[in-house]
Visitor: 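Pasting a structure below so you can have a look.
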Amino acid sequence: MKKTYSIIVLALLLILTGVNLWIMLSGRNECPNQCHSAEQETCYLSKTISLNQEQKEQYNKIKQRYQQRAVLVADSLHISQECLMRELMKQDRDSLAIAQIEAKISSCQSMLLHLSVEQYYQIRDILSAEQIPQLDKLFAQILICRPTCNHRDDDAGTIPHLE
C-alpha cells in the first residue's frame with residue numbers, strides 16, 4: 001500500500017513538473033517577439049506629429065529629462081497628499097499643518113505645470129513650422145481640458161480661443 005501510494009505521488013509530481021516545464025519553455029519563445037515588437041512601436045507624440053529620426057532622438061532626450069524631474073515631483077506630491085489626508089482624518093486637526101501641506105501640494109502641482117510648459121517649448125524648438133499646430137493640439141488636450149471633460153472633443157476647447 002505504501003509503495004503504491006509513493007508511486008502514485010511520484011508519477012503525479014513527474015507529470016506536474018513536465019507540464020510546468022512545457023508551459024515555461026513555450027512561454028519563453030513568445031517573450032522575444034513581444035519585446036521586439038514593443039521596441040518597434042513609436043510613442044503617441046512621435047506618431048501623431050510624424051517626427052523624423054533626428055527629431056525622435058531629440059524628443060527622447062527631452063522626454064527623459066522631463067520624466068526624471070517629473071517623477072521626483074510627482075512622488076513628492078503623492079506623499080504630500082497622503083500627509084494631508086492623514087491630517088484631515090485626525091480628530092484634533094491642526095489647521096496650520098493642513099495649510100502648510102496644502103502649500104506643499106500647490107507647489108508640487110505648480111512645478112509639474114512648469115515642467116510641462118518647459119517641455120512644450122523644448123519640443124517646439126525641434127519641430128518644423130508644419131508640425132507645431134499638431135503639438136499645440138496635443139498640449140491643449142493636456143493643459144486645457146482633457147481627460148477630465150470632453151465638452152469639445154474635436155479641438156480640446158482651443159478653437160476659436162487660441163486663434
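For clarity, every value in this text was computed on a predicted model and none was experimentally measured.
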Visitor: Just verifying a value: how many Å separate Leu138 CG and Tyr120 OH, rounded to the nearest 0.5 Å?
Guide: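 Result: 10.5 Å between the selected atoms.
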Visitor: From Ile132 CD1 over to Arg124 CZ, what is the distance, rounded to the nearest 0.5 angstrom?
Guide: 4.5 Å
Visitor: Which pair of non-hydrogen atoms, one from Leu51 and one from Lys56, has the smallest distance, and what is that distance?
Guide: O-CE, 3.3 Å
Visitor: Which distance, rounded to the nearest 0.5 Å, do you find between the CG of Asp75 and the SG of Cys108?
Guide: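 Nearest 0.5 Å value for the CG-SG distance: 10.0 Å.
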Visitor: Please check if the side chain of Glu87 supplies one atom and the backbone of Asp94 the other of a donor-acceptor pair under 3.5 Å.
Guide: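 Yes.
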Visitor: What distance do Gln100 atom CD and Glu102 atom CD have between them, rounded to the nearest 0.5 Å?
Guide: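 Here the rounded value is 10.5 Å.
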Visitor: Give a yes or no on whether Leu96 and Ile101 share a hydrophobic cluster (residues Ile, Leu, Val, Met, Phe, Trp, Tyr; joining criterion: side-chain heavy atoms under 4.5 Å apart).
Guide: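 Looking at the clustering, Ile101 is in a separate group from Leu96.
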Visitor: For the atom pair CE (Met89) and CG (Leu84), what is the distance rounded to the nearest 0.5 Å?
Guide: 11.0 Å
Visitor: Working to the nearest 0.5 Å, report the span between OG of Ser50 and CG of Leu127.
Guide: 10.5 Å
Visitor: Spell out, yes or no, whether Tyr121 and Tyr66 are grouped together once hydrophobic residues are joined by side-chain heavy atoms under 4.5 Å, including indirect joins.
Guide: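 Each belongs to a different hydrophobic cluster.
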Visitor: Are Phe139 and Ile62 in one and the same hydrophobic cluster, where Ile, Leu, Val, Met, Phe, Trp and Tyr link if side-chain heavy atoms are under 4.5 Å apart?
Guide: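 Cluster IDs for Phe139 and Ile62 match.
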Visitor: Between Val117 and Leu77, is there shared hydrophobic-cluster membership here, with clusters defined by ILVMFWY side-chain heavy atoms closer than 4.5 Å?
Guide: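 No, because Val117 and Leu77 fall into different hydrophobic clusters, even though each may have its own neighbours under 4.5 Å.
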Visitor: Set out, in order, the CA-CA distance, both residues' side-chain angles and the distance that settles side chain to side chain contact (heavy atoms under 4.5 Å, CB included) for Gln122 and Arg65, then state yes or no.
Guide: CA-CA 11 Å; Gln122 289 176 3; Arg65 280 194 307 266; 3.5 Å; yes
Visitor: Can you find a heavy atom in the side chain of Leu115 that is under 4.5 Å from one in the side chain of Gln119?
Guide: no
Visitor: Give me the atom names and distance for the closest heavy-atom approach of Ala74 to Leu112.
Guide: N-CD2, 4.3 Å
Visitor: What about Ile123 and Leu113, same hydrophobic cluster or not, with Ile/Leu/Val/Met/Phe/Trp/Tyr joined at side-chain heavy-atom distances under 4.5 Å?
Guide: yes
Visitor: Going by distance alone, is a donor N or O of one side chain under 3.5 Å from an acceptor N or O of the other, for Gln131 and Ser128?
Guide: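 Note: Gln131 and Ser128 side chains meet the donor-acceptor criterion.
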Visitor: With side chains defined as the heavy atoms from C-beta onward, is the minimum distance between Ile49 and Tyr59 less than 4.5 Å?
Guide: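 They are not in contact (no side-chain heavy atoms under 4.5 Å apart), so the answer is no.
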Visitor: When you compare the side chain of Gln58 with that of Lys61, does any pair of heavy atoms fall below 4.5 Å?
Guide: no
Visitor: Check whether any side-chain N or O of Ser76 sits under 3.5 Å from a backbone N or O of Leu72 as a donor-acceptor pair, and report yes or no.
Guide: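 Here the side-chain-to-backbone pair does not exist.
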